[in-house]
Amino acid sequence: MRSISLDRTKLRPGDFMLVIITMGLVIFGVVMVFSASYYYALSRDGSAYSYLIRDGAWAVFGTVAMFFMALIDYRKLKKLAVPLLVISILMLVMVLIPGVGVTRKNATRWLGVGGFTIMPGEIAKIAAILFVAAFLAAKPSRIKSLTKGILPLFALAALFGFLIMRQPNLSTAITVVAIIVVMMLVAGMSWGWIGALIGLFVAGVMALLTVGKGSYWYTRMTSFADPFKDFLGDGYQAAQSLMALGSGGLFGVGLGKSIQKTLYLPEPQNDFILAIIGEELGFVGVAILLIVYMLLIWRGVHIALNAPDQFGTLLAAGITAMIGIQVVLNVAVVTSSMPPTGITLPFVSYGGNALLIFMGSMGVMLNISRHSAERAKPLSVEDDIPEREV
């Protein structure tokens, strides 16, 4: 007599292409951070390798985080949705308390912990994704209710937007709000609400341009339109970015040969690293990079569509939206198509907080794809036999 039992605990490795694309972007990012930061690091730290070492270390930590999260059942993350949301809101409030938040270049976006800094705006992105996914997956009908689903999530988006705008950080605020809206659409919200939101946004911008002349936000909202008009003032960074892109031409001046990174473009390894990529690798290099991002987004959409439950679908959709939105906003900032404000290029720009969160999020995506593979796996002959004594 023998007992035949089913073992469904073994999962497939997950989306291999997602791993290849992610690691390719991270390695490319480390190379470009070294190239972009060479002269800035030399002038600031006395060593041209300081940013390379730090970025390489964060890449290693991020890789560990990615594979660690790939091993954790993503459904267990539901328990963290509310605590992480509360923590992220408290951190955003703490940033605004005088003497608590760390201020750099007229922006207070960080909390100092020992020798490290934490950027609550980055944590807010993943906190919003996790909470909205858990909230809507618990009762899918909420998205059809104005009072039980739509208004509470709009209020959450408004709260995040307000707190992050106070730092000020326009692009991160736009990213968090857009992520929540995209997830609501994926869950089944009517497109009519999007029209209402767009109307409110346009009305707000028009009001700012009409009555806010001379204010900080008026200057930020208008300087990008003609950065060369105030070349040595508010338009300096955008003008230097456009000059870098223009200098690169079709094939670029060559890796490591950028002129704008020689202390012309401020901190080129951060938000404006795409400008250095355009200068050194040209239009072709930027185009290939954007194609790689499109492939990554395609894999994210594929994982969301094939997730085994709504929580997995919304979680994957939110992470994919976060990447896509940041790529679009970063390209817009670097090409002076929107006001310059802090937004990193996913996996490529220097920044430990962002890299850890992005790579950890890829681990979650891998775990969702592993469970999707389990669900889609055809039954073998033994699987068709119920557990019984023979």
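Each residue takes its place number in the sequence, starting with 1. Owing to the predicted nature of the structure, the values given are computational and were not obtained by experimental measurement.
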Problem - Whether T22 side chain and V19 backbone form a donor-acceptor pair below 3.5 Å - result: no
Problem - R54 bridged to D45 by N-O distance under 4.0 Å - result: yes
Completion exercise
Closest non-hydrogen contact found for M365 with T320 is CE-OG1, 3.4 Å
Fill in the blank from the handout: To the nearest 0.5 Å, atom OG1 of T175 lies from atom CD1 of I343 at 3.5 Å
Exercise for the section: State yes or no: do L136 and L159 share one hydrophobic cluster built from I, L, V, M, F, W and Y residues joined by side-chain heavy-atom distances below 4.5 Å, directly or via other members? Expected result: yes
Practice task
Output yes when a side-chain donor or acceptor of N367 lies under 3.5 Å from a complementary backbone atom of I72, and no otherwise.
Solution key: yes
Exercise for the section: Give a yes or no answer on whether the side chain of D15 reaches the backbone of S369 with a donor-acceptor pair at less than 3.5 Å. Expected result: no
Exercise for the section: Answer yes if M338 and L290 sit in the same cluster of Ile, Leu, Val, Met, Phe, Trp and Tyr residues linked by side chain heavy atoms under 4.5 Å apart, and no otherwise. Expected result: yes
Problem - Residue pair Q260, E279: steps toward the side-chain hydrogen bond (donor to acceptor under 3.5 Å, both in side chains) verdict - result: CA-CA 8 Å; Q260 295 305 119; E279 184 179 5; 5.9 Å; no
Practice task
For the residue pair M322 and F358, establish whether any side-chain heavy-atom pair is separated by less than 4.5 Å.
Solution key: yes
Exercise for the section: Ignoring hydrogens and angles, tell me if any N or O in the side chain of T344 forms a donor-acceptor pair with the backbone of P346 under 3.5 Å. Expected result: no
Exercise for the section: Say whether, by atom type as modelled, one donor and one acceptor occur between the side chain of S35 and the main chain of M32 under 3.5 angstrom. Expected result: no
Exercise for the section: Quick one: pull up CD in Q240 and OG in S336 and give me the separation to the nearest 0.5 Å. Expected result: 12.5 Å
Practice task
State, yes or no, whether a side-chain contact exists between V100 and V95 at a heavy-atom distance under 4.5 Å.
Solution key: no
Problem - Ring-ring centroid check F347 F28, cutoff 6.0 Å - result: no
Problem - Y264 backbone acceptor or donor facing Y236 side chain under 3.5 Å - result: yes
Problem - Over 12 non-hydrogen atoms of neighbours within 6.0 angstrom of OH in Y38 - result: no
Handout entry: V102 with M119, same ILVMFWY side-chain cluster at under 4.5 Å
Key = yes
Problem - Side-chain donor/acceptor of T313 to backbone N/O of A304, under 3.5 Å - result: yes
Handout entry: Worked check of ring-ring contact (aromatic ring centres under 6.0 Å, His included) between F283 and F251
Key = CA-CA 6 Å; F283 174 80; F251 296 106; 9.7 Å; no
Problem - Distance, nearest 0.5 Å, that separates CE of M189 from CE of M183 - result: 12.0 Å
Practice task
Spell out, yes or no, whether L77 and V64 are grouped together once hydrophobic residues are joined by side-chain heavy atoms under 4.5 Å, including indirect joins.
Solution key: no
Fill in the blank from the handout: So CG of L314 and CZ of F311: to nearest 0.5 Å the spacing works out to 8.5 Å
Problem - Test item: K144 side-chain N/O and G149 main-chain N/O as donor-acceptor pair under 3.5 Å - result: no
Exercise for the section: Check the pair Y74 / D309 against side-chain hydrogen bond (donor to acceptor under 3.5 Å, both in side chains), numbers first and verdict last. Expected result: CA-CA 11 Å; Y74 71 93; D309 54 24; 2.9 Å; yes
Practice task
Kindly check if the number of other-residue, nucleotide or ligand heavy atoms within 6.0 Å of CZ (F61) is above 12?
Solution key: no
Practice task
Evaluate side-chain contact (heavy atoms from CB on, under 4.5 Å) for L295 paired with M17, printing each intermediate quantity in order.
Solution key: CA-CA 9 Å; L295 290 174; M17 185 179 292; 5.5 Å; no
Handout entry: Evaluation steps, side-chain contact (heavy atoms from CB on, under 4.5 Å), between L185 and W191
Key = CA-CA 7 Å; L185 283 173; W191 279 89; 3.9 Å; yes
Fill in the blank from the handout: For T172 and G121 the tightest heavy-atom approach is CG2-O, 3.9 Å
Practice task
Determine yes or no for a side-chain-to-main-chain donor-acceptor pair under 3.5 angstrom, with S43 supplying the side chain and Y40 the backbone.
Solution key: yes
Practice task
Decide whether V60 and I27 are clustered together by the hydrophobic rule: side chain heavy atoms of Ile, Leu, Val, Met, Phe, Trp, Tyr closer than 4.5 Å, transitively.
Solution key: no
Problem - Passing option when L18 is tested against M23, M66, M362, H302 for side-chain contact (heavy atoms from CB on, under 4.5 Å) - result: M362
Problem - Side-chain touch T117/R104, heavy atoms, less than 4.5 angstrom - result: yes
Problem - Heavy-atom side-chain contact between L25 and Y293 under 4.5 Å - result: yes
Exercise for the section: Evaluate the side-chain proximity of Y51 to R44: yes if any heavy-atom separation is below 4.5 Å, no if none is. Expected result: yes
Exercise for the section: With the side chain counted from C-beta on, respond yes when I276 and L265 share a heavy-atom pair under 4.5 Å apart, and no when they do not. Expected result: yes
Problem - Backbone N/O of Q237 and side chain of S241: donor-acceptor pair under 3.5 Å - result: no
Fill in the blank from the handout: In this structure, OG1 of T63 is separated from CH2 of W58 (nearest 0.5 Å) by 13.0 Å
Problem - Salt bridge present between E280 and K261 (N-O < 4.0 angstrom) - result: yes
Handout entry: Separation of L274 CG from S349 OG (nearest 0.5 Å)
Key = 8.5 Å
Problem - A275 to V334 - nearest heavy-atom pair and separation - result: N-CG1, 3.8 Å
Handout entry: Side-chain heavy atoms of W193 within contact of I150, under 4.5 Å
Key = yes
Problem - Sole candidate of I319, L356, L315 that passes side-chain contact (heavy atoms from CB on, under 4.5 Å) when paired with S361 - result: I319
Fill in the blank from the handout: Nearest heavy-atom approach of L242 to T335 is CD2-O, 3.6 Å
Completion exercise
Closest non-hydrogen atoms of P140 and A137, given as atom of the first, atom of the second and distance, are CD-O, 3.7 Å
Handout entry: 4.5 Å side-chain heavy-atom contact, R142 and L153
Key = no
Practice task
Grab the two heavy atoms, one from S258 and one from V253, that are nearest each other, plus how far apart they are.
Solution key: N-CG2, 4.2 Å
Problem - Criterion side-chain contact (heavy atoms from CB on, under 4.5 Å) on V292 and L296, from CA distance to verdict - result: CA-CA 6 Å; V292 173; L296 182 62; 5.8 Å; no
Practice task
Go through the steps to decide whether V348 and V33 satisfy the test side-chain contact (heavy atoms from CB on, under 4.5 Å), and finish with yes or no.
Solution key: CA-CA 7 Å; V348 176; V33 164; 5.9 Å; no
